[in-house]
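Written out below as structure tokens is the structure these notes cover.
We count ligands from 1, going down the list as the structure has it; atoms in each ligand are counted the same way.
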Amino acid sequence: MPPTMTNMIPLAVPDLSGNEGLYLQQCITSTFVSSVGPFVDRFEAMVAEAAGAPAVATASGTAGLHAALSAIGVKPGELVVMPSLTFIATANAAAYCGAIPWLMDIEPSSWNLDPDLFAKLLAQECTPKGKQIFHKTGRRVAAVMPVHTLGTLADMTRIVSIARDYGLPVVADAAAALGASRDGQPVGNLGADLSVFSFNGNKTITCGGGGAVVGKDAELLALVRHLTTTARSGQGYDHDRIGFNYRMTNLQAAVGCAQMERLPALIAAKQRIRQTYDAAFCDHTELELFPKPTDSTSACWFSGVVIKKNVHLQPNQIMDALRTYGVESKPFWKPIHLQKPYVAAPRSTQWVSEDLWQRILVLPCSSGLTAHDQARSMAALHQILPSREGRKEI
Ligand SMILES: *Cc1c(COP(=O)(O)O)cnc(C)c1O
């Protein structure tokens, strides 16, 4: 008999067991429910502290990405470099500016933008003119957007250094990377001009919906704030350009503050879940593990397994089978170059992204996942896809 929803182990649900309810009630009581209020200021301060750079809270991660690209001056018809393996919002943010994503492949080791390929394609396909660079199609290359996929850091040292050589601004899609660090440096302090977080419901820290843009350049960040608040100039109804209504509300920030109070514990839970899956499946003949960086600390947003090539089951089939065991699972992002709105976008070869995305299976990884439920999930996967005795690695 199929399990009921109540005993289904969910993929990723928020843990709202802290002060979320209390703070929401304070919003209601005080009538500060909208885009001004003490929780918004407090949330920005908490995100800035964790990210290592000042923050502007936004209505969503997508809104933050759009505001960040607008602030660094991305214009219609220009190109924005990004990995093809990302959530559609990265590409959409460029498209909202009228720009076109230039889709590059990822490294197999990190699932992040391949710095060698990025350097090679800029050298081969672009020409500098003054302080700007132009693609062979005549389009200006306006920015590069590394994505810290799953909260594992892209190689910012190399990507930022290559971008600097060409005068390209760097806007990091750090949607799920709050809590990640390299050499003790938090994610907002790794050289990007702006980094953008998401606080959607399935992220490690949630506001229900929400986002934040962080950056060390005070003038640039002030422009982000200006753009997200309808570009109002002065006290009246004067607006000096076309801005956006992208502010986070006090209600969202109330939930966010309660979540941020528990950031270290929530991140630690995510990392522990990753380690448990890795330990359980590292010797499995049919499975590979999620990326395991050696030179940085991942925020481990989602965890799961990668089905090896030539295994007779597809992630979708395993997902259906896991459901009959009461375990929710999910395939991962379909690359942008295979998405209808972006089929014509310029792209590199996509060997890695095309191979990988069809083999990734995300397993239950809520920060509140109990050891018992994780053990149940792993046992179900072992049942459906047993390790083969005597199978030889080729
Ligand atoms: C979640 C996510 C976003 C979108 O954030 P929203 O808050 O849902 O708008 C963008 N990029 C990546 C890589 C994400 O994981």
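- Formation of a donor-acceptor pair under 3.5 Å by the T90 side chain with backbone atoms of F87 is found in this model.
- In F302, neither the side chain nor the backbone holds a heavy atom less than 4.0 Å from any atom of ligand 1.
- No side-chain donor-acceptor contact under 3.5 Å links N245 and T230.
- Of the options T58, N200, V196, N92, the smallest heavy-atom separation from atom 8 (O) of ligand 1 is shown by N200.
- The atoms of ligand 1 that sit less than 4.0 Å from any heavy atom of A89 are 4 (C), 10 (C).
- Under the 4.0 Å criterion applied to side-chain N and carboxylate O atoms, R388 and E286 are assigned as salt-bridge partners.
- In this structure, R225 forms no cation-pi arrangement with Y246, as its terminal cationic atom is not both closer than 6.0 Å to the ring centre and no more than 45° off the ring axis.
- Ranking protein heavy atoms by distance to atom 3 (C) of ligand 1, first place goes to F87 CD2, 3.6 Å.
- Nearest protein neighbour of atom 14 (C) of ligand 1, counting heavy atoms only, is A175 CB, 3.2 Å.
- At least one heavy atom of G210 sits under 4.0 Å from some atom of ligand 1.
- Across all non-hydrogen atoms, the minimal contact from G37 to N250 is C-OD1, 3.2 Å.
- At under 3.5 Å, a nitrogen or oxygen of G61, whether backbone or side chain, sits near a nitrogen or oxygen of ligand 1.
- Ligand-side atoms of ligand 1 in range of W333: 13 (C), 15 (O), range being under 4.0 angstrom from any heavy atom.
- Looking at A176 against ligand 1, nothing comes within 4.0 Å, counting heavy atoms.
- If you check which protein heavy atom lies closest to atom 5 (O) of ligand 1, you get S198 OG, 3.2 Å.
- Counting only heavy atoms of the protein, atom 13 (C) of ligand 1 lies nearest to D173 OD2, 3.4 Å.
- At a 4.0 Å heavy-atom cut-off, ligand 1 touches T62 through backbone and side chain alike.
- Below 30°, between 30° and 60°, or above 60°: for F199 and F43 the angle between ring planes is above 60°, a perpendicular geometry.
- Remark: R274 is not positioned above the aromatic ring of F290, lacking an NZ or CZ atom under 6.0 angstrom from the ring centre and at most 45 degrees off the axis.
- Of the N or O atoms in W301, none lie within a sub-3.5 Å distance of an N or O in ligand 1.
- Clustering of Ile, Leu, Val, Met, Phe, Trp and Tyr side chains at separations under 4.5 Å leaves V40 isolated, with no partner residue.
- The shortest contact between atom 2 (C) of ligand 1 and any protein heavy atom is with K203 NZ, 2.9 Å.
- Between the R232 side chain and the G236 main chain, a donor and an acceptor come within less than 3.5 Å of each other.
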